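Computed from a prediction, not measured in an experiment: that's the story for all the values here.
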Amino acid sequence: MLSPTLILALPEESKQRGLPRSMGRQTSSIVEDLRLVEPDQLRRMVRAGAYRGATSGLARGKLQANVVIVPQRFAADFHKFCLANSKACPLVGLGRAGSPFVPALGNIDIRTDAPQYSVFCYGEFVHHTNHIADLWREDFSAFALGSSLSFEPTLVEKGVQLRHGGISGPIPKYRTGIRSRAVGPFGGNLVVAMRAIRRCDIDRVRAITTRFPNAHGSPFHVGDPSILGITDLDSPDWGDPIDLRGDEVPVFWASSVTAQEALMHAELAIAITASPGHLLITDVDAVARQDTARVA
């Protein structure tokens, strides 16, 4: 097990929509060792600044979650936006107004327990930071949205080949031509994450991911990206492209980056998310029945 004193440097960042182009590219041995670390220990490492990388493949069997923080006066509308777009924004945790804690998800401090955060002002990405303790306000409300990274270890264990994550690069994500269901100031376009899946594995992937309703569940679309309004798979809006092999099909899942799109559309004076791929690791089992969000 890795010592909590080990500090992993952040990769070089891209300016593209605030997403590091090389997020999480650590050595394979370090990534493999971290996969053995328990969720609470991982969070302590993140909190201490000892781990700042991507969370793909970590805490197998546990739910990973995106973090969205908005001023309390916009919380009710954002809550309704998540419920209206539950495939993209599966709401798994709610903090009480002004509280950075969501004990129903574990011993979690929203201000420090994601490896990297993205800060937005008036709809524009401003900067990344490794904690937001200095930005926290008494009028903030925190939301946790389940992530499809939660089901990836199960896919791999069942023999599904995935060619991203860990040292291979982040999942490519695309802004579609499909509008999300707007609520109050929150709207914009649906965002999807694409995985290259072998044709022979499609039915297996559908069956497995259906068991993860809190992590986007089954695919949103399989096959022709133009149906979603995506014109070029080689130019994702977030992440790195994947060259499809002859036996592979593009498979798309709804992505919680849809919430980031909604924040940019709303142009709030300030909003904060976990950076894509740098997520909150919870103590909640990844395979879970779909239910109401857990409130602090």
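Taking the centre of each ring, Phe186 and Phe78 come in below the 6.0 Å mark. With ring centers used as reference points, Phe212 lies 6.0 Å or more from Trp253.
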Next item on the list: Apply side-chain hydrogen bond (donor to acceptor under 3.5 Å, both in side chains) to Ser118 and Ser275, showing your working.
Entry: CA-CA 5 Å; Ser118 299; Ser275 296; 2.8 Å; yes

Next item on the list: Mind running side-chain hydrogen bond (donor to acceptor under 3.5 Å, both in side chains) on Gln72 and Ser141 for me, showing each step along the way?
Entry: CA-CA 5 Å; Gln72 195 276 332; Ser141 291; 5.0 Å; no

Margin query: What verdict does the salt bridge (Lys or Arg N to Asp or Glu O under 4.0 Å) test give for Arg73 and Asp139, after you've listed the backbone C-alpha separation in whole Å, the side-chain angles of each residue and the deciding distance to 0.1 Å?
Written below: CA-CA 8 Å; Arg73 69 191 184 96; Asp139 69 332; over 6 Å; no

Check: Could you go step by step and tell me if Arg245 and Asp247 meet the salt bridge (Lys or Arg N to Asp or Glu O under 4.0 Å) rule?
Finding: CA-CA 6 Å; Arg245 296 170 180 167; Asp247 61 342; over 6 Å; no

Next item on the list: I would like to know whether Asp237 and Arg175 meet salt bridge (Lys or Arg N to Asp or Glu O under 4.0 Å); could you show each step before the answer?
Entry: CA-CA 6 Å; Asp237 295 288; Arg175 185 181 294 104; 3.2 Å; yes

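Closest of all the heavy-atom pairs between Gly106 and Asp283 is CA-OD2, 3.4 Å. Here the shortest heavy-atom pairing between Phe151 and Gly217 reads CE2-O, 3.9 Å. Annotation for Ser150 and Ala215: closest pair CB-CB, 3.9 Å, computed over non-hydrogen atoms. The heavy-atom pair separating Pro71 from Leu268 by the smallest distance is CD-CD1, 4.1 Å. Nearest heavy atom pair, residue Asp201 against residue Val160, reads OD2-CA, 4.0 Å.
With hydrogens and angles ignored, the 3.5 Å screen pairs no side-chain donor or acceptor of Ser99 with any backbone N or O of Gly95. Counting only distance, with no hydrogens or angles, the side chain of Tyr117 and the backbone of His278 share no donor-acceptor pair below 3.5 Å. Proximity of a side-chain donor or acceptor of Thr176 to a complementary backbone N or O of Val191 within less than 3.5 Å is not detected.
Taking CD1 from Ile208 and OG1 from Thr154, the interatomic distance works out to 7.5 Å, rounded to the nearest 0.5 Å. Atom CG of Asp113 sits about 11.0 Å away from atom CG of Leu105, to the nearest 0.5 Å. Atoms CD1 and CZ, from Ile272 and Phe120 in turn, are 10.0 Å apart once rounded to the nearest 0.5 Å. A distance of 8.5 Å separates CG of Leu149 from NE2 of His216, quoted to the nearest 0.5 Å.
Under the 4.5 Å side-chain contact rule for hydrophobic residues, Leu135 and Val102 share a cluster. At a threshold of 4.5 Å between side-chain heavy atoms, the hydrophobic network of Ile, Leu, Val, Met, Phe, Trp and Tyr places Val68 and Tyr122 in two separate groups. Both Phe252 and Leu244 belong to a single network of hydrophobic side chains, linked directly or stepwise wherever heavy atoms of I, L, V, M, F, W or Y lie under 4.5 Å apart.
No more than 12 heavy atoms of other residues, nucleotides or ligands sit less than 6.0 Å from atom CZ of Arg181.
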Table please: side-chain donor-acceptor pairs of residues 225-232 below 3.5 Å, with sequence neighbours left out.
from   : atom 1 : to     : atom 2 : distance (Å)
Ser226 : OG     : Asp224 : OD1    : 2.7
Ser226 : OG     : Asp224 : OD2    : 2.9
Asp232 : OD1    : Asp234 : N      : 2.9
Asp232 : OD2    : Ser235 : OG     : 3.0

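Each of Cys89, Pro276, Ser147 was checked for a side-chain contact (heavy atoms from CB on, under 4.5 Å) with Val257, and the lone residue meeting it is Pro276.
In summary, the side chains of Arg43 and Asn107 do not present any donor paired with an acceptor at a separation below 3.5 Å, with no hydrogens or angles considered.
The side-chain heavy atoms of Gln116 and Thr129, taken from C-beta on, include no pair separated by under 4.5 Å. For the pair Leu263 and Phe74, the minimum side-chain heavy-atom distance is 4.5 Å or more. Ile197 is listed as a side-chain neighbour of Leu162, based on a closest heavy-atom distance under 4.5 Å. No side-chain heavy atom of Leu145 sits less than 4.5 Å from a side-chain heavy atom of Val92. With contacts defined as side-chain heavy-atom distances shorter than 4.5 Å, the pair Val287/Asn214 does not qualify.
In this pair, Phe125 and His128 present their aromatic rings tilted. The plane angle is within the 30 to 60° band.
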